[in-house]
Amino acid sequence: QVQLVESGGGLVQAGGSLRLSCAASGRSISSLNVMSWYRQAPGKERESVATITSGGNTNYGESVQGRFTISRDNAKNTVYLQMNSLKPEDTAVYYCAARLVILHRDYWGQGTQVTVSS
C-alpha cells in the first residue's frame with residue numbers, strides 16, 4: 001500500500017512563491033519509477049506539471065517551465081514542488097502522483113489547493 005499526502009498549499013499573491021510537499025509512505029520514493037505533480041483547475045483538464053524519475057530526470061509542463069522545480073529528499077521520503085513567480089493561472093488543486101511500472105499501478109494523493117490572487 002502506497003499513500004501520498006500533499007501539503008503546503010494556500011493563498012498567495014501573484015509573483016509569490018509556495019513550496020508543496022508530497023510525503024510518501026508504504027514504499028520508498030526511490031522504488032517508485034516516476035513521481036509527478038499534476039494540477040486541475042475548475043472547468044479545466046488535469047494537467048501534468050512536473051515529473052521526476054527514479055534516475056533523476058525531470059520534465060516540466062510548458063506553462064510552468066522556468067518557474068517550478070521538482071525535487072526529492074530520499075531520506076525524508078518526500079517530493080517537493082517549488083513554485084515561484086506564481087500567476088493567477090496557476091490556481092488549481094495540485095496532486096502528487098507516483099507510478100510503479102512493474103505492478104502497472106498509479107497512486108494519487110488527496111490534493112492541496114493553491115490559490116493565486118492578482
Side-chain angles (χ1 to χ4, degrees):
Q1 184 73 33
V2 175
Q3 185 176 13
L4 306 174
V5 179
E6 303 98 331
S7 62
L11 175 64
V12 65
Q13 297 273 28
S17 298
L18 285 173
R19 190 192 196 195
L20 306 183
S21 298
C22 173
S25 60
R27 283 186 177 269
S28 64
I29 59 173
S30 62
S31 74
L32 295 164
N33 301 107
V34 183
M35 300 292 297
S36 303
W37 288 96
Y38 288 80
R39 68 186 183 187
Q40 187 164 26
K44 298 183 179 179
E45 296 182 29
R46 187 175 61 192
E47 175 187 20
S48 177
V49 175
T51 64
I52 184 166
T53 70
S54 58
N57 294 322
T58 58
N59 192 263
Y60 297 93
E62 183 178 353
S63 63
V64 307
Q65 183 73 44
R67 300 187 297 120
F68 292 8
T69 303
I70 188 171
S71 62
R72 65 189 180 200
D73 186 333
N74 290 339
K76 292 183 171 64
N77 214 37
T78 299
V79 176
Y80 302 96
L81 184 68
Q82 179 66 45
M83 309 164 65
N84 297 327
S85 301
L86 283 162
K87 305 174 181 179
E89 309 92 269
D90 296 319
T91 295
V93 177
Y94 284 71
Y95 297 92
C96 181
R99 174 160 290 176
L100 187 59
V101 172
I102 195 169
L103 294 179
H104 302 93
R105 183 66 65 97
D106 292 337
Y107 304 94
W108 292 86
Q110 84 288 351
T112 185
Q113 176 71 47
V114 172
T115 302
V116 184
S117 61
S118 60

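Just so it is clear, the model here is predicted, and its values are computed rather than measured.
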- Cluster companions of Tyr38 among Ile, Leu, Val, Met, Phe, Trp, Tyr (side-chain spacing under 4.5 Å):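 Other cluster members: Val93, Tyr95, Trp108.
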- All pairs passing salt bridge (charged side-chain N to carboxylate O under 4.0 Å, His left out) where residues 106-118 contributes a residue, at least two apart: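 Only Arg99-Asp106 qualify under salt bridge (charged side-chain N to carboxylate O under 4.0 Å, His left out).
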- Is there a side chain to side chain contact (heavy atoms under 4.5 Å, CB included) between Thr78 and Ile29 once you walk through the steps? CA-CA 7 Å; Thr78 299; Ile29 59 173; 5.9 Å; no
- Message: Donor-acceptor check, side chain of Thr58 to backbone of Ile52, threshold 3.5 angstrom: yes or no?
- Response: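 No.
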- Excluding sequence neighbours, so at least two apart, what forms side chain to side chain donor-acceptor pair (under 3.5 Å) with Ser30?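 If we apply the side chain to side chain donor-acceptor pair (under 3.5 Å) test to Ser30, skipping adjacent residues, the hits are Ser28.
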- CG-OG distance between Asn77 and Ser31, expressed to the nearest 0.5 angstrom: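 So the CG of Asn77 and the OG of Ser31 are separated by 8.0 Å.
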- Query: In Å, rounded to the nearest 0.5 Å, how long is the span from CD1 of Ile70 to OG of Ser36?
  - Reply: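 Those atoms lie 6.5 Å apart.
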Hydrophobic cluster membership, with links at side-chain heavy-atom distances under 4.5 Å among I/L/V/M/F/W/Y: are [X] and [Y] in one?
X      : Y     : result
Ile102 : Val2  : yes
Tyr107 : Leu20 : yes
Tyr60  : Met35 : yes

- Message: We want to know whether Glu47 and Ser63 form a side-chain donor-acceptor pair, criterion being a heavy-atom distance below 3.5 angstrom.
- Response: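 Yes.
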- For the student: nearest non-hydrogen atoms of Trp37 and Cys22, plus distance: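 For Trp37 and Cys22, the tightest heavy-atom pair comes out as CZ2-CB, 3.6 Å.
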N/O donor to acceptor pairs below 3.5 angstrom from side-chain atoms of residues 79-87, sequence neighbours left out:
| residue | atom | partner | partner atom | Å |
| --- | --- | --- | --- | --- |
| Gln82 | NE2 | Asn84 | OD1 | 3.0 |
| Asn84 | OD1 | Ser17 | OG | 2.9 |

Give the table of side-chain donor-acceptor pairs shorter than 3.5 Å for residues 3-16, with sequence neighbours excluded, one pair per line with atom names and distance.
| residue | atom | partner | partner atom | Å |
| --- | --- | --- | --- | --- |
| Glu6 | OE1 | Gln110 | N | 2.9 |
| Glu6 | OE1 | Gln110 | NE2 | 3.4 |
| Glu6 | OE1 | Gly111 | N | 2.9 |
| Glu6 | OE2 | Cys96 | N | 2.6 |
| Glu6 | OE2 | Gly111 | N | 3.2 |
| Gln13 | OE1 | Ser117 | OG | 2.7 |

- Query: Taking only residues two or more places apart in sequence or in another chain, which ones pass side-chain contact (heavy atoms from CB on, under 4.5 Å) with Leu103?
  - Reply: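 Scan of Leu103 (side-chain contact (heavy atoms from CB on, under 4.5 Å), adjacent residues dropped) gives Arg27, Leu100, Arg105.
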